[in-house]
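Since this is a predicted model, take the numbers as computed values, not measurements. Labels below follow one simple rule: chain letters A, B, ... track the order of the sequence lines, proteins then strands, and each chain is numbered from 1.
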Amino acid sequence: DGGITQSPKYLFRKEGQNVTLSCEQNLNHDAMYWYRQDPGQGLRLIYYSQIVNDFQKGDIAEGYSVSREKKESFPLTVTSAQKNPTAFYLCASSIGGAATKELFFGEGSRLTVL
Amino acid sequence: GESVGLHLPTLSVQEGDNSIINCAYSNSASDYFIWYKQESGKGPQFIIDIRSNMDKRQGQRVTVLLNKTVKHLSLQIAATQPGDSAVYFCAENIGGNTPLVFGKGTRLSVIA
């Protein structure tokens, strides 16, 4: 079935460590996104990519990095520079261009810093 | 700050009653709106959308109303069921190459 796969679903990290969250989609979508979700808050955009080898910072990009070497993959690295990384991370994709329309979400990755 | 907000952060509804979830937006240039449903520990799922040239759109048990005069969006759920318990987000497309902007969400609790 087509969709977006995020892994791992749960991840624990020690302070000072970098971690990478995987996001893969087989929907043939051009655009992909990473959102962070904290309790009681909505979705905050970290990074997005409209096309392969291109990406833009969202509202809270500090302490994160991404790459878009393949159309189907958009991994997110949470670096040690991110002061409060414990959160629920959601990856999404859309058909074409960041301006479009319906986003399709993965099931999320929950990161906990010990 | 966010241009999309919600009037009520939580809503409790008796099973079988209708639910109304509200959303205020501040960008008059927004041309497209979506409602998402997010169950606990899962990713948001599309419920219904509406374009700015419409003021009402109906789906199965759900209706979205758009009032551009007061920049207000609402989601109505008919005959609310326990499976409707979730957090509901509205999102707006403000145009250009800007991604969707999400509101903070409303938690809907259905009382059996």
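- Every residue was checked against the salt bridge (Lys or Arg N to Asp or Glu O under 4.0 Å) condition with B:Asp31, not counting sequence neighbours, and none meets it.
- Interface residue A:Gln37: only side-chain heavy atoms are found under 4.5 Å from chain B.
- Using a 4.5 Å cut-off on side-chain heavy atoms (C-beta onward), B:Thr98 and A:Tyr48 make no contact.
- Surrounding CD of A:Glu62 are at most 12 heavy atoms belonging to other residues, nucleotides or ligands under 6.0 Å away.
- Under the 4.5 Å side-chain heavy-atom criterion for ILVMFWY residues, no single connected hydrophobic cluster contains both A:Val52 and A:Met32.
- Residues B:Leu65 and B:Ile47 are members of separate hydrophobic clusters, defined by side-chain heavy-atom contacts under 4.5 angstrom among Ile, Leu, Val, Met, Phe, Trp and Tyr.
- When the heavy atoms of residues 63-82 of chain A are compared with those of chain B, none of the residues falls under 4.5 Å.
- The shortest distance between side-chain heavy atoms of B:Tyr36 and A:Glu102 falls below 4.5 Å.
- Two residues are said to be in side-chain contact when any heavy atoms from C-beta on lie closer than 4.5 Å; B:Pro44 and A:Leu43 meet this criterion.
- The nearest pair of heavy atoms linking B:Pro99 to A:Tyr33 is CB-CE2, 3.9 Å.
- For A:Phe105 and B:Phe46, the ring centers sit 6.0 Å or farther from each other.
- Between the CZ atom of B:Phe102 and the CG atom of A:Leu103 there is a distance of 5.0 Å, given to the nearest 0.5 Å.
- For the side-chain hydrogen bond (donor to acceptor under 3.5 Å, both in side chains) condition, the pairs that include at least one residue of residues 50-71 of chain B, sequence neighbours left out, are B:Asp49-B:Arg57, B:Arg61-B:Asp84.
- Dense packing is recorded around NZ of A:Lys9, with more than 12 heavy atoms of other residues, nucleotides or ligands lying under 6.0 Å away.
- For B:Lys42, the salt bridge (Lys or Arg N to Asp or Glu O under 4.0 Å) test picks out B:Glu39, with sequence neighbours left out.
- Within 6.0 Å of the CD atom in B:Gln45, the count of heavy atoms belonging to other residues, nucleotides or ligands does not exceed 12.
- Within 6.0 Å of the CD1 atom in A:Ile51, the count of heavy atoms belonging to other residues, nucleotides or ligands does not exceed 12.
- At a 4.5 Å heavy-atom cutoff, the contact between B:Gln38 and chain A is made by side-chain atoms alone.
- Under the 4.5 Å side-chain contact rule for hydrophobic residues, A:Phe88 and A:Ile60 do not share a cluster.
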